[in-house]
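Worksheet: one structure, shown below.
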Amino acid sequence: MADAVWKPRFEEEEARIRDRVVGTIPAKWRKAPGDFTYDMATLLPPEIKALQINQDYSLKNAFALFAEGEYLDYICEEANVYRSQPDVSKGILRITAQAGVEIPMGYELTSIVLDKDKNPVRVTVDAQATFTTDSTLDVAVTSVDTGADKNVPAGSEWILNPPIPGVEKIEQLANLAGGRDLEDDESLRAKWKEKKQKPIRSGNKQNYVSWALEVTGVGKAKCVPLWNGEGTVKVIIIDTEGLPATPALVAAVQNYIDPDQTGEGNGAAPIGAIVTVESAVVKNITVTADVTPNKNNTVDQVLQQFNADLDKYLAGLTFVEGPDGYVIYSKVAGLLSNNPYLADYTGLTVNGGTANVTLEINEIPVRGTVTFT
């Protein structure tokens, strides 16, 4: 079913439609090319084909495997599965300033980091920051715009817009997080499949996964039963970007499934189940190798292709069945061997070695540093 391909049922070539229409004209009338009846018949096929295309489009969007956009939304909503909407990123900036400086709520800061439209990422201050002495304060900020590209990495530089006299330093010690794009069709379809194609019973593992996916912003979930003794359940989640969930998203899922963690059944979970919701954590996968590009290619081309292939491979390892997964060394080697820009390589290491890399039950593999020399 995953490999199903939509095939149009109604659409025909215009020539076939034309010949069929001409064939309905009585034989006693002239209907050769250039005759009036023939020329009139040739006006119909484009309109008929347009109707056929619309028929195919309507039929295609009646099935979740092929539906697109709002039509997929309609189907998923019947299963209580919803498309995650775009969201802003949030985080903390550490600001050092002289006594008497005030940064009002809503004041704007601009990063040197550019978003996908090549514009600087902008954030605003969540609450007024007042420096009563020469000091350093942690100031909460929220991005002006939504999108995953607003998750500015730690260590980025920021400026106040406009500058405020007396502000001496602005530091970003941790990533901004929580920003996300509108969930795409394939991600939404995957959540629909997760709910519809796996058996859900009262309080079974899949039930907890299904409940987690009903919360906007959750991309995947994993259930760990009896993780801390009888009656305990752990639900591990990631966001729709395939990254660790923010504290706010974890709290939203916790509140939906078991808000009090008392086992009294005040959320979706049944009575007796004490549920703990956690975010997955990142397992960085680093790769090094000595590479020899093809004659007309460069190391950078090899690197870009390998990064894309590795990202795709690692994404498929997120929340695999069973307690642990592995990043398999030979498969990483295979990605490199099949690189179209590469002639040869030696000295391949994955996380510093040549063995498979074990993934703990709460870990998701993410590409770390890849070094090709």
Side-chain angles (χ1 to χ4, degrees), residues 1-9 56-85 180-227 233-245 249 252-253 256-258 267-270 273 275 277-280 311-326 328 331 359 361-365:
M1 183 173 290
D3 298 325
V5 176
W6 172 256
K7 296 180 180 179
R9 266 54 173 180
D56 276 322
Y57 185 73
S58 297
L59 182 60
K60 175 183 177 180
N61 282 290
F63 299 95
L65 282 178
F66 307 112
E68 302 171 340
E70 62 179 318
Y71 300 103
L72 180 59
D73 288 336
Y74 297 149
I75 294 171
C76 289
E77 286 173 9
E78 293 177 353
N80 204 25
V81 175
Y82 299 91
R83 189 187 300 272
S84 294
Q85 299 300 304
R180 63 170 178 261
D181 301 322
L182 179 69
E183 186 172 14
D184 62 32
D185 284 349
E186 291 313 308
S187 175
L188 179 60
R189 200 185 327 274
K191 292 197 298 188
W192 177 86
K193 288 181 181 180
E194 181 78 24
K195 185 162 187 178
K196 298 294 287 187
Q197 297 178 357
K198 294 186 178 180
I200 297 176
R201 303 290 184 266
S202 181
N204 72 348
K205 289 172 62 175
Q206 189 57 32
N207 224 159
Y208 288 90
V209 171
S210 177
W211 287 327
L213 292 177
E214 289 174 7
V215 177
T216 298
V218 176
K220 287 186 179 181
K222 186 175 188 177
C223 177
V224 186
L226 307 177
W227 74 280
V233 180
K234 180 179 287 188
V235 178
I236 306 170
I237 62 173
I238 58 175
D239 66 15
T240 54
E241 303 295 328
L243 298 173
L249 183 56
V253 177
Y256 181 62
I257 298 178
D258 185 17
V275 183
V277 179
E278 292 182 356
S279 170
D311 286 344
K312 184 177 181 180
Y313 169 60
L314 296 180
L317 298 179
T318 300
F319 291 167
V320 294
E321 293 295 329
D324 298 319
Y326 296 90
I328 299 176
K331 289 191 175 182
L359 300 174
I361 200 166
N362 65 334
E363 290 181 329
I364 54 174

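The structure displayed is predicted, hence computed values, not measured ones. One-based numbering along the sequence shown.
K234 is linked by a side chain to side chain contact (heavy atoms under 4.5 Å, CB included) to V224, W227, I236, E278, counting only residues two or more places apart in sequence or in another chain. Residues that satisfy the side chain to side chain donor-acceptor pair (under 3.5 Å) test with Y256, not counting sequence neighbours, are E214. Residues satisfying the salt bridge (Lys or Arg N to Asp or Glu O under 4.0 Å) criterion with E68, sequence neighbours excluded, are K60. Considering only residues two or more places apart in sequence or on other chains, Y82 meets the ring pair (Phe, Tyr, Trp, His ring centres under 6.0 Å) condition with none of them. Remark: S210 engages no residue in a side chain to side chain donor-acceptor pair (under 3.5 Å) (not counting sequence neighbours). Checked against side chain to side chain contact (heavy atoms under 4.5 Å, CB included), I75 has the following partners two or more places apart in sequence or in another chain: A64, A67, W192.
A tilted orientation is assigned to the rings of W6 and F63, their planes being inclined by 30° to 60°.
Defined by atom type and a distance below 3.5 Å, a donor-acceptor pair is present between the side-chain atoms of Y74 and E70.
Remark: D258 CG to W211 CH2 distance equals 10.0 Å, nearest 0.5 Å. With values rounded to the nearest 0.5 angstrom, L182 atom CG is found 5.5 Å from Q85 atom CD. The distance from the CD1 atom of I237 to the NZ atom of K222 is 14.5 Å, given to the nearest 0.5 Å. One distance of note links CG of D56 with CG of N61; it measures 11.0 Å at 0.5 Å rounding.
Scanning both residues, K220 and A315, for their nearest heavy atoms gives NZ-O, 4.0 Å. Taking all atoms of both residues into account, the shortest heavy-atom contact from L188 to C76 is CG-SG, 3.7 Å.
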Practice item. List the steps and the verdict of side chain to side chain contact (heavy atoms under 4.5 Å, CB included) for L59 and R9. Key: CA-CA 9 Å; L59 182 60; R9 266 54 173 180; 4.2 Å; yes

Point to revise | Residues E186, R189; criterion salt bridge (charged side-chain N to carboxylate O under 4.0 Å, His left out); working and verdict | key: CA-CA 5 Å; E186 291 313 308; R189 200 185 327 274; 2.8 Å; yes

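The closest donor-acceptor contact from the side chain of E241 to the backbone of D181 lies under 3.5 Å. Under a 3.5 Å cut-off, the side chain of D185 and the backbone N or O of G69 do form a donor-acceptor pair.
For the pair Q206 and E194, the minimum side-chain heavy-atom distance is below 4.5 Å.
Within a 6.0 Å sphere centred on NZ of K196, other residues, nucleotides and ligands contribute 12 heavy atoms or fewer.
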